[in-house]
Amino acid sequence: MTGRKTDRMNERYQPKQIESKWQRRWDDSQLYRARVDWSKPKHYAMTMLPYPSGDLHIGHWFAMTPSDARARWMRMRGYNVLFPMGFDAFGLPAENAAIARNIHPWQWTYANIERMREQMRSMGAMFDWEREAISCTPAYYKWSQWFFKKFYENGIAYRGSALVNWSDTLQTVLANEQVIDGKDERTGQPVAQKMMEQWFFAITNYADELLDFAGLDWPPPIELMQTNWIGRSEGARATFYSEVGAHPIEIYTTRPDTLWGATFMALAPEHELVDQITTDARRDAVEAYVQAAAARTEVERMFADREKTGVFSGAYAINPVNDERVPIWIADYVMITYGTGAIMAVPAHDQRDFEFARAHDLPVKVVIQPAGRDEPLAAAAMTEAYDGPGAMVNSDAMDGSFSSTAKGRANPAINRVIDWLEATGKGKESVNYRLRDWLISRQRYWGCPIPIVFRNGEVAAAPDDDLPVELPDDVDFVPTGRSPLTYHEPFFKVDEDTRRETDTLDTFMCSSWYQLRYLSPDCDDAPFDAEEAAYWLPVDVYTGGAEHAVMHLLYTRFFTKALRDIGVYDATAAAMRRHGRDPSAAFDEPMTLLRNQGQVLGGEQQGHFVLCSGRKIGETLQAERVEVVGWNEVPAGFSGVFGEIARRTENILRVDMAGVTQLVEVLPQAEVIIPEIKGANNINQLRQHLEIQRMSKSKGNVVNPDELVARYGADVVRCYLMFNFDWQKGGPWNENNIKGPQGWLHDIWDIAMAGEPAGAGDAAVERDIIRKLHQCIAVVDRGLENFSFNTAIAEQMKFKNALKDALRQETIGVAAWREIMNAAIRLLAPFAPHLAEELWARLGWEYSVHTQPWLEYDAELAREEAVDLVVMINGKPRETIGVGVDIEQEQAEALALASAAAQRSLAGSSPRRIVYIPGRNGTDPKVNIVV
RNA sequence: GCCUCCGUAGCUCAGGGGUAGAGCGCUCCCUUGGUAAGGGCGAGGUCAUGAGUUCAAAUCUCAUCGGAGGCUCCA
């Protein structure tokens, strides 16, 4: 023992030195260069590229280092792994920062990239920097423009007039996806609807294909969010005609089976026919209403008292199914952006229409009669719309059709009505989507110029020779509401008759294809090299934040499908075939597996609210009693200290008493009462307050990873992030817990550095450690497979504890020690790559541990030899009997019946039933005796 | 309002019809020329609540409560 202690004292684990040393060595030896090698299976792992915002924050570490650990694991398992990194470098923050600092966006951007690249190197991640892609470089955006041209030539990109989201704050339009609750999702500033001519991508052409997630392994919530966003609904369209002027008014409905129950129509205030159908008598009222609606933002329209407002147009329409005359109203509960912007209103069977009808005294007509009711549904008595199943009534020839709760054709009544509508030409089956085409024009400077020219008013794609259409540097980019490039004549003026498009592209377009640019970032005759693509595509594992669920992740899927359809992958498919790889389905989706990490939040939990009573000595209360209560449960007249525990150090509590901090010293004999924790309580169980909130500079709770690395080393930070959170959930930052992983790595260092053990070893103990090692391998494998990094590390800690214990007992011999260390260091390598590399070298093994094969789990070695036979009486465990793993049922039952517990319970009588549960892979066998 | 996921030890989480688990933290003891440290012992849980199915429920079903996220006049 003394000798070992001395050895350990000689050298301590000093992360700083070994980490920078190995980072250099890895660079010099090009350890992480990924090259096409058809003899090996490929694995393309990608983590969402950062925006170069200035400093790497802990969220980047949390997203990237576990992804790195998994990529390393795949590599050790024999895959040829590509794990690239880049920067999504166009966008508004660069402009805003540049304006604030009076420098150019590119200066700001490139300085940040330099800085972040260095910070990322300190992670010790296996990024292949040779493949770095930066979206704001001409070499990159040339191809963004090229794709735009291709889309334009194939009708996927088009210019159109539409009601778009305009942000006054940002002085640009925004995509639908960037607007949340009528506000810009980044700044929270309101967004107005404005009619503008803009560039769009026809993402809606792909709506149905985007709904299909077959073959994808994506988190169900993401699939659900995309599905909801696309918002497919099935129904029918029908055309009503205005009584005067016979203007056709097309409506969309999911309930054509209720067409006969329409008692009025409603048009959105923005509907183009409003002006034409309104009668002179009603014109003033209608115009006032339309103006009022226009003045309201979408938020106000949604959250204004839910009362349905509207105004009668004076006009009537004829219901095509029964020629009934129905009044046409203008109402802002009808959205111009959904369906046709006009509805047939069926108050009896639609709650919104019902509320409107009751508010405006419009008739209600029942056309679906629920079955099995004592009283049939009567319009006058209804207090809400009925949208359940029933038989069609008052519907002429359709009467009696059964309307189920199913949607679309699956509903017999709807099915029959649609057939009838189509046969009579009164309407047709129709599918509607909530998804709208992707608006990609931006009236800002720091983005990719749209490669379009206007020649004598004619729109044309910029010629290939023009690409890249370079973004000029000398532009006054302070926002004015018009694209800054419109003030830059050398840019926009091609010749007397030809003018360039001066809008720039949404940066989400740049990030829709970056996985392709990584394949060959220097390629200058194509967006990507077909040979590289044939090997690496598609991305096998994609990791990043869930906030991109319906933006980036939907766009990039659309992009991939569109590229496939316009033949961009043809050369790649040919190359695949040459190498014997089947290209079918290789280009349907960009990323086959997706996982989202959670968010690391600042701060922590709420403190307990306590009542402390005792003697006051100076400013400190010496408490003899501390009771946890609800925050509002202060007894009247209570004279001690009460409030929330803000901090606890040893037995000193700082109690926040309505903003004033009171010191409370809890005396050793004090009584502590915490109702939520049963049994005797003590002060250590008291929770102290730490707020949970997002990390942000303004709150001052941002964790700087550089400082952490300087203090603990990159490996400790990596392991802390992987260990202390469920990666897919995230959680509050609590640096106290860093001691756990830190101690673990220090222990491993100490164990390895203590050198070979002197004793001869004990075969049984060695066998047991090997068993534990293999049990550990299984758990680590499962953890990495499932992105459950915390369990993978906890299991290794457990194994380390067992090993340390055995070493202390001097029961491990030299040969076993080397075998175990060899395995343990390889197990550690994905998590703590520097430490593993250092120990691997120190124990005399060949560089690099990261190119070693992963550990082969051996179920036979992991198998327990002795198990406990559990004797259960009526399902309750009562006794255990040590037995061999191979015990048979007959023997087990006999042993169980003979046990003291069984004898006691049976007391001479015979059991009603005996259930034998054999042990499977290591679990204990059980015998349940029912008495 | 609707949809999805989640409630297990102080914390972070495994498990998922068959003995209640891990790591960290915490208590107490030892050590201290390893010192923003080391070693040992130990405590702590009606698996949110209630009902049902079963020989057996933390696990399956239903309801309720609580938390997180998403959608929301979607016709």
Could you tell me how far B:A68 sits from B:G34 if I compare only their P atoms? Round to whole Å. 48 Å
Please state how far atom CG in A:L721 lies from atom C1' in B:G23, giving the value in whole angstrom units. 16 Å
Nearest-Å distance once atom C1' is located in both B:C47 and B:C60: 15 Å
Result for 5'-nearest mapping on RNA chain B, choosing between A:Y712 and A:T340, is A:Y712
Can you measure A:D868 atom CG to B:G21 atom P for me and round it to whole angstrom units? 11 Å
Out of the candidates A:W727, A:Y720, A:F62, only one should pair with A:F789 under the ring pair (Phe, Tyr, Trp, His ring centres under 6.0 Å) rule; please name it. A:W727
With a 3.5 Å cut-off and heavy atoms only, can you find an N or O donor on one side and an acceptor on the other between the side chain of A:N801 and the base of B:G23? no
A:F240 CZ - B:A75 C1' separation (whole Å): 12 Å
Nearest listed nucleotide, side chain of A:K804, among B:G38, B:A75, B:U4: B:G38
Defining pairs by Watson-Crick or G-U wobble geometry with both distances under 3.5 Å, how would you list the stems of RNA chain B with at least three pairs each? B:1-7 with B:65-71, B:10-13 with B:21-24, B:28-30 with B:38-40, B:48-52 with B:60-64
Figure out the CG/C1' separation between A:N411 and B:A75, and round it to whole Å. 16 Å
Position toward the 5' end of RNA chain B (nearest nucleotide), A:R711 or A:G740: A:G740
Between A:T258 and A:G261, is there a donor-acceptor pair closer than 3.5 Å when you use the side chain of the first and the backbone of the second? no
Spacing between A:F213 atom CZ and B:U4 atom C1', to the nearest angstrom: 14 Å
The ring-ring contact (aromatic ring centres under 6.0 Å, His included) partners of A:F240 (sequence neighbours excluded) come to none
N or O in side chain of A:Y338 less than 4.0 angstrom from B:A75 OP1/OP2: yes
Please check if the side chain of A:Y333 supplies one atom and the backbone of A:A268 the other of a donor-acceptor pair under 3.5 Å. no
Assess whether side chain to side chain donor-acceptor pair (under 3.5 Å) is satisfied between A:Y13 and A:D750, documenting all intermediate values. CA-CA 8 Å; A:Y13 172 40; A:D750 288 346; over 6 Å; no
Looking only at atom P, what distance separates B:G16 and B:G21, rounded to whole Å? 15 Å
With a 4.0 Å cut-off on heavy atoms, is A:R878 in touch with a base, just the backbone sugar-phosphate, or nothing at all? nothing
Could you tell me the separation between the CG atom of A:N432 and the OG1 atom of A:T254, rounded to the nearest 0.5 Å? 9.5 Å
All salt bridge (Lys or Arg N to Asp or Glu O under 4.0 Å) counterparts of A:K798, not counting sequence neighbours: A:E795
Give each protein N/O atom lying under 3.5 Å from an N/O atom of nucleotides 51-58 of chain B, with the pair distance.
| residue | atom | partner | partner atom | Å |
| --- | --- | --- | --- | --- |
| B:C55 | OP1 | A:R913 | NH1 | 3.2 |
| B:C55 | O2 | A:N928 | ND2 | 2.2 |

Answer yes if the ring centres of A:W744 and A:F723 are under 6.0 angstrom apart, and no otherwise. no
Identify all pairs in which a protein N or O lies below 3.5 Å from an N or O of nucleotides 13-16 of chain B, and state each distance.
| residue | atom | partner | partner atom | Å |
| --- | --- | --- | --- | --- |
| B:C13 | OP1 | A:G730 | O | 3.4 |
| B:C13 | O2' | A:N790 | ND2 | 3.3 |
| B:A14 | OP1 | A:D726 | OD2 | 3.1 |

Please enumerate all residues that pass salt bridge (Lys or Arg N to Asp or Glu O under 4.0 Å) together with A:K804, with sequence neighbours excluded. A:D747
Taking atom P in both B:A48 and B:G15, compute the distance separating them and give it to the nearest angstrom. 15 Å
Could you tell me the separation between the CG atom of A:N228 and the P atom of B:C5, rounded to a whole number of Å? 13 Å
Atom-to-atom span, CD of A:Q728 to C1' of B:U4 - whole angstrom: 15 Å
Whole-Å distance separating the CD1 atom of A:I230 from the P atom of B:C74: 19 Å
